[in-house]
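Everything on this sheet refers to the single structure shown next.
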Amino acid sequence: MPELPEVEAYRRLAERALHRPVDRVQVGDPRFVRGGATPRAVSGLLQGRLLGAVTRIGKLLVFDVMEKGGDSGPARLGLRFGMTGRLLVDGAPGVDALLYSSDRADPAWDRFALHFTDGGALVVRDPRLLGGVHLDPDTAALGPDALSLTPAQLRFALDRSAAPLKARLMDQARIAGVGNLIADEVLWRAGLAPGRAAGSLTPAEQRRLLHHLRRTLGDLLERGGSHTGDLMPERIPGGRCPRDGVELCRDVVGGRTTWWCPAHQR
DNA sequence: ATTGTGGCCTGCCCGC
DNA sequence: TGCGGGCAGGCCACAA
């Protein structure tokens, strides 16, 4: 599903869509427009303008909008992908495989599209409508991006919290980009139990966590998806810890299905 | 403020 | 063979 690695791949793909005049804006489903905006407002923002730059904060893509003359447009455009959203530019997908989504190319799932005057298009295909389009997305509501997280930022995100460690890792307001699969993978690699109180980590454990967060994100970016972790094949009933062979526990932590090893995650 | 819960969305898979 | 229930989780609203 789209966590940080997929959305980073989308960002790179989206660079192909920059500086190309928008001829027509297609909102396939009005429910896909979020945050109180309207399809008309989104169309009005993009029509006749072009995308200037694209940045990623966690799982959010933010596009600068420009006038054809090069001046800044009146607002920025945000794209979210939920767990089933796919980005395509000129028909090419940002990622090959998307766990829990469908690989079919049903045109009814094209929830949002920018058709360029050159004939190409940027398309968000999302069977389940869990993603969305935002006008002037509230980036201040997101914590620092997980990929460039510093030790001080991790400490700030965890210290003095009674919430489960995994819930804090997935709290986009504190650390942006970590979703369910990556949280399980990182905690498994770091040997930390998902239900531990976030504020209970020692400085050494925080260092270990940050080390494995960076390593994991690097690995998954390279492998091409949040579903390519070493724990992933065992996140099934009867699955066993790839490290020591013990049967994994399946719990709900932070409201999400959590697979973890009771032997080495403490 | 912090933390937890339920709902939204719908394709897909399993069991009957 | 068709049908129905359960499941998946990012995000948001809401409750205590």
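Letters A, B, ... are given to chains in the order of the sequence lines, protein chains preceding strands, and every chain is numbered from 1.
- The backbone N or O of L158(A) lies less than 3.5 Å from no partner atom in the side chain of S161(A), so there is not a single donor-acceptor pair.
- Note on W109(A): every side-chain N or O is 4.0 Å or more away from OP1 and OP2 of dT10(B).
- Applying side chain to side chain contact (heavy atoms under 4.5 Å, CB included) to R49(A) and the options K68(A), M66(A), E67(A) leaves one that passes, E67(A).
- Minimum atom distance to the side chain of R104(A) is reached by dG11(B), of the listed dG11(B), dG4(B), dC9(B).
- Straight-line distance from the CG atom of D126(A) to the P atom of dC12(B): 13 Å, rounded to whole Å.
- Transitive grouping of hydrophobic side chains (ILVMFWY, heavy atoms separated by less than 4.5 Å) brings L213(A) and L147(A) into a common cluster.
- Residue A162(A) is in sugar-phosphate contact alone, with no base atom involved, counting any heavy-atom pair closer than 4.0 Å across all strands shown.
- Sorted by residue number, the list of members of residues 151-160 of chain A with any non-hydrogen atom under 4.0 Å from DNA chain C is empty.
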**OP:** Using a 4.0 Å cut-off on protein heavy atoms (strictly under), produce a 5'-to-3' string for nucleotides 6-16 of chain C with B for base contact, S for backbone-only sugar-phosphate contact, and - for none.
**Re:** --BBBB-----
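- A distance-only check finds no donor-acceptor pair linking the side chain of T228(A) to the backbone of G224(A) [under 3.5 Å].
- A side-chain donor from one of W260(A) and D251(A) sits under 3.5 Å from a side-chain acceptor of the other.
- Using modelled atom types and a 3.5 Å distance limit, the side chains of D23(A) and Q47(A) yield no donor-acceptor pair.
- If A163(A) and R111(A) are placed on DNA chain B by their nearest nucleotide, the residue sitting closer to the 5' end is A163(A).
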Without placing hydrogens or testing angles, list every side-chain donor-acceptor pair under 3.5 Å for residues 117-131 of chain A, not counting sequence neighbours.
| residue | atom | partner | partner atom | Å |
| --- | --- | --- | --- | --- |
| D118(A) | OD1 | R20(A) | NH2 | 3.0 |
| D118(A) | OD1 | G120(A) | N | 2.9 |
| D118(A) | OD2 | R20(A) | NE | 2.7 |
| D118(A) | OD2 | R20(A) | NH2 | 3.2 |
| R125(A) | NE | D110(A) | OD1 | 2.9 |
| D126(A) | OD1 | T84(A) | OG1 | 2.5 |
| D126(A) | OD1 | R128(A) | N | 3.2 |
| D126(A) | OD1 | L129(A) | N | 3.3 |
| D126(A) | OD2 | L130(A) | N | 3.0 |
| D126(A) | OD2 | G131(A) | N | 2.8 |

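- With a 4.5 Å cut-off on side-chain heavy atoms, H227(A) and L220(A) do not count as touching.
- At a threshold of 4.0 angstrom between heavy atoms, the contacts of S161(A) are confined to the sugar-phosphate backbone, with no base atom among them.
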